[in-house]
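What follows is one structure encoded as structure tokens, with my remarks underneath.
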Amino acid sequence: MTSPQLFTGQDLLCLRGGRLVFQDLDFQLAAGGCLTLVGPNGSGKSTLLRLMAGLLKPLRGTIAWGGVALGQDPEAHRARLHYVGHLDAVKASFTCREILAFWAGLRGAGGVDAALAAFAIDTIADVPGRFLSAGQRRRLSLARLAAAPAPLWLLDEPTVGLDRASVALLEGAIARHRAGGGRVVLSTHIDLATPGGEVLDLAAFAPVEDDQDGAEDAA
Amino acid sequence: MLRLILRDLRLVLRQGSDATAALMFFVLCVVLFPFGVGPEPNILTRIAPGVLLIAALLAALLSMERLFQGDFEDGSLELLLLSPLPAEGVAIAKVAAHWLVTGVPLLIVAPLLALLLRMPADQLGLLVGTLALATPLLSLIGAVGAALTLGARRSGVLLPLLVLPLYIPVLIFAAAGLDAGLSGLSPRPHLLLLGGMLCGALVLAPLAIAAALRAAHE
Amino acid sequence: MDGFLSMGGYAAYVWSSYGAAAVVLVGLLVLSLTGLRRVERTLATLEAAKPRRKREPKAAPAPTATPAAETTP
Amino acid sequence: MHRFANPARFLKIANAVLPWAAGLSAVCFAAGLYLGLFASPPDYQQGDTVRIMYIHVPAAWMSMFTYSTMAVAAAAALVWKHPLAEVYAKAAAPLGAGFTALCLLTGSLWGAPMWGTWWVWDARLTSVLVLFFLYLGYMALVDAFDDPARGNKAGNILLLVGAVNVPIIKFSVEWWNTLHQPASVFRLGGPTIAASMLWPLLLMAAAFQSYFFAVVILRIRAGLAARRVQTLRLGQAN
């Protein structure tokens with residue numbers, strides 16, 4: 001799972017709903033690295049994560065994995081990433097084991113029980129989704145990370161709804177993932193122990209409000 | 001892709017609401033016609049093909065709105081778009097699941113209802129054959145509309161308006177095939193055209209659906 | 001003159017067609033014009049109300065990008 | 001839109017073209033109406049109802065012209081990411097729908113004296129009716145989303161899907177028409193129509209065309225201004 005290639009972004013500029021979210025943003029992430037995105041609401045943390053996942057295309061600039069732009073081979077990029085968004089994708093009528101088996105199966109992996117144990121939901125493995133609490137649903141969504149190996153983890157505020165113990169489980173999983181050569185990009189509002197990780201403050205790349213030839217002239 | 005189809009089938013079996021709703025609508029819609037048009041056999045036979053096809057078309061449309069909605073709201077669709085499975089694969093799997101859930105039951109029930117509408121018994125084989133070609137088309141074209149209206153405000157009204165003009169060729173050729181069968185002519189040309197449209201839709205519809213799904217997640 | 005008005009007995013059809021044409025064409029024109037006026041008025045108020053933010057001196061001048069998309073219709 | 005989609009140059013060109021288009025349209029309408037209503041003879045068969053043709057045919061032509069340009073604009077927006085294409089498509093849609101409605105109305109008014117009924121499922125009229133629903137579908141879809149960009153994207157896809165289906169619909173309606181109603185009711189003379197009728201027809205077609213350009217430019221300006229308003233409102237929000 002360790003791949004020497006760098007995960008890089010150059011000169012990124014992103015537009016959402018006609019509004020400039022950030023410009024001239026660069027980042028670099030090597031194997032084993034961890035990038036924590038911080039910044040006020042609306043500064044583009046989720047947008048940047050969706051850009052990295054390939055759901056969004058930047059108006060300018062490129063994101064590359066080992067020098068190869070994402071647009072070249074989107075399928076390969078999707079095969080190497082896990083994305084955890086705000087929604088937990090839990091079906092009310094399926095049990096935790098079935099949900100996890102489905103998502104792991106999509107990636108041809110089978111470590112379901114280990115993943116359930118990693119996030120302490122092996123005890124409720126056979127409970128249908130409709131009975132799960134928010135924290136349990138979130139832990140089930142995070143369990144997908146452990147169920148199928150993928151070098152790049154993109155976590156959008158993973159700690160929302162988690163109690164102290166679960167946050168520790170997440171930190172453990174991230175540490176194990178990074179030790180194995182994987183890399184993580186996450187956005188968070190609470191401080192998460194990510195030893196040796198870098199912080200990217202998106203406020204530094206906010207659009208400049210100059211009026212003349214600035215961001216939104218003569219539209 | 002098969003895994004996604006099986007998941008959808010299991011999902012529907014457990015929830016069960018969508019499948020039966022479409023089927024019940026089809027049955028009720030067809031049964032109501034004699035009360036409106038009168039029981040004379042020759043009228044009923046004359047309008048049987050049109051009634052059956054239009055009821056099938058509306059039944060497919062009824063269950064179409066929920067096609068992506070469930071997965072879109074709980075985030076599964078986003079994860080599916082980020083899985084190694086290409087978006088077109090997700091589209092085909094969803095359409096196949098929809099066809100198996102709503103299309104196939106229609107095929108089974110249609111001959112019985114056709115007898116209700118005094119359709120001659122020897123035409124039932126042709127009816128099932130025509131519906132076998134038409135119902136996947138209805139699922140494919142309807143799915144394009146469902147994907148386009150993902151996240152739209154009042155998609156309940158919007159979806160039929162988008163999809164009905166595109167359903168017209170399917171309705172025309174299928175009804176023409178059945179009419180030809182009724183009047184003893186060969187339904188071959190109509191069914192061949194219907195088959196051609198099905199092949200075209202099998203290739204083009206997933207492209208449009210995939211583009212619409214990606215647009216919904218931008 | 002009345003021969004012309006009666007349109008050979010089809011006055012109702014001919015004149016209602018031209019009437020419908022007038023209604024549709026003029027209607028679309030008027031709707032478009034009023035729409036344009038309304039939007040440009042709200043735009044003017046928004047432009048005026050835009051907070052006068054001083055231009056912070058940017059450390060690295062943003063590269064003046066040439067418009068990527070050719071904009072002739 | 002962002003400065004990379006700088007419409008300033010387009011607005012300069014549009015504002016230059018606008019007066020010419022409006023002027024041409026006014027002149028053509030005046031000439032067309034005069035020739036059509038006064039100077040040209042009634043048809044030996046249809047009498048004066050033939051004058052409805054001077055509205056019906058240009059409207060039919062414009063409804064198809066508008067839809068095809070919208071489909072091309074949708075392709076430009078989706079494939080080449082041209083930022084102004086979708087503004088054009090959204091601006092032209094109501095005009096297209098108006099032309100289609102006008103075509104349907106004048107079609108039935110023109111045929112009514114001969115057919116004795118207001119509507120006949122003639123192949124062409126039926127195709128125009130379906131086209132009308134395609135227009136309504138597009139307009140409803142574009143405005144059905146909170147984020148206008150999302151609406152435009154979905155609208156573009158629908159236009160491409162529609163463009164692929166229009167020939168199929170046309171063919172199937174013709175096929176269906178021949179099955180159920182062998183003789184078409186009346187055949188327009190086509191190139192053999194008298195020169196005295198051809199001129200008003202061409203003038204009215206030119207009038208409709210220039211009218212379309214003038215009004216679509218107005219609507220594009222409104223569309224761009226609305227987009228600018230939305231950007232400013234979002235800017236105010238945070």
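By convention in this document, chain letters (A, B, ...) are assigned in the order of the sequence lines, proteins followed by strands, and residues within each chain are numbered from 1. What you see is a predicted model; the values in this text were computed from it and never measured.
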So, for [X] and [Y], which heavy atoms are closest and what is the spacing to 0.1 Å?
{"X": "Tyr18(C)", "Y": "Leu33(D)", "result": "CE2-CD2, 3.5 Å"}
{"X": "Thr106(D)", "Y": "Ser17(C)", "result": "CG2-CB, 4.0 Å"}
{"X": "Val39(C)", "Y": "Ala226(D)", "result": "CG1-N, 3.3 Å"}

For the residue pair Leu109(D) and Trp15(C), establish whether any side-chain heavy-atom pair is separated by less than 4.5 Å.
no
pair Phe212(D)-Leu25(C): side-chain heavy atoms closer than 4.5 Å:
no
To the nearest 0.5 Å, tell me how far [X] [atom1] sits from [Y] [atom2].
{"X": "Arg221(D)", "Y": "Glu40(C)", "atom1": "CZ", "atom2": "CD", "answer": "5.5 Å"}
{"X": "Arg228(D)", "Y": "Leu46(C)", "atom1": "CZ", "atom2": "CG", "answer": "9.0 Å"}
{"X": "Gln230(D)", "Y": "Leu43(C)", "atom1": "CD", "atom2": "CG", "answer": "12.5 Å"}
{"X": "Ile52(D)", "Y": "Ser16(C)", "atom1": "CD1", "atom2": "OG", "answer": "6.5 Å"}
{"X": "Leu36(C)", "Y": "Leu224(D)", "atom1": "CG", "atom2": "CG", "answer": "10.5 Å"}
{"X": "Leu218(D)", "Y": "Leu31(C)", "atom1": "CG", "atom2": "CG", "answer": "12.0 Å"}

Can you confirm whether more than 12 heavy atoms, excluding those of Trp119(D), are under 6.0 Å from its CH2 atom?
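Counting neighbours around CH2 of Trp119(D), more than 12 heavy atoms of other residues, nucleotides or ligands fall under 6.0 Å, so yes.
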Please say whether more than 12 non-hydrogen atoms of neighbouring residues, nucleotides or ligands are located less than 6.0 Å from CZ in Phe29(D).
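Buried by this count: over 12 neighbours within 6.0 Å.
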Please state whether the side chain, the backbone, both or neither of Phe208(D) comes within less than 4.5 Å of a heavy atom of chain C.
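For Phe208(D), the contact with chain C is made by the side chain alone.
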Is it the side chain or the backbone of Leu105(D) that comes within 4.5 Å of chain C heavy atoms, both, or neither?
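Side chain only.
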Heavy atoms only, distances under 4.5 angstrom: which of Val216(D), Leu102(D), Ile220(D) has the most pairs with chain C? Name it, please.
Leu102(D)
Pick whichever of Val23(C), Thr45(C), Leu28(C) has the most heavy-atom pairs under 4.5 Å with chain D.
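Answer, by heavy-atom pair count under 4.5 Å with chain D: Leu28(C).
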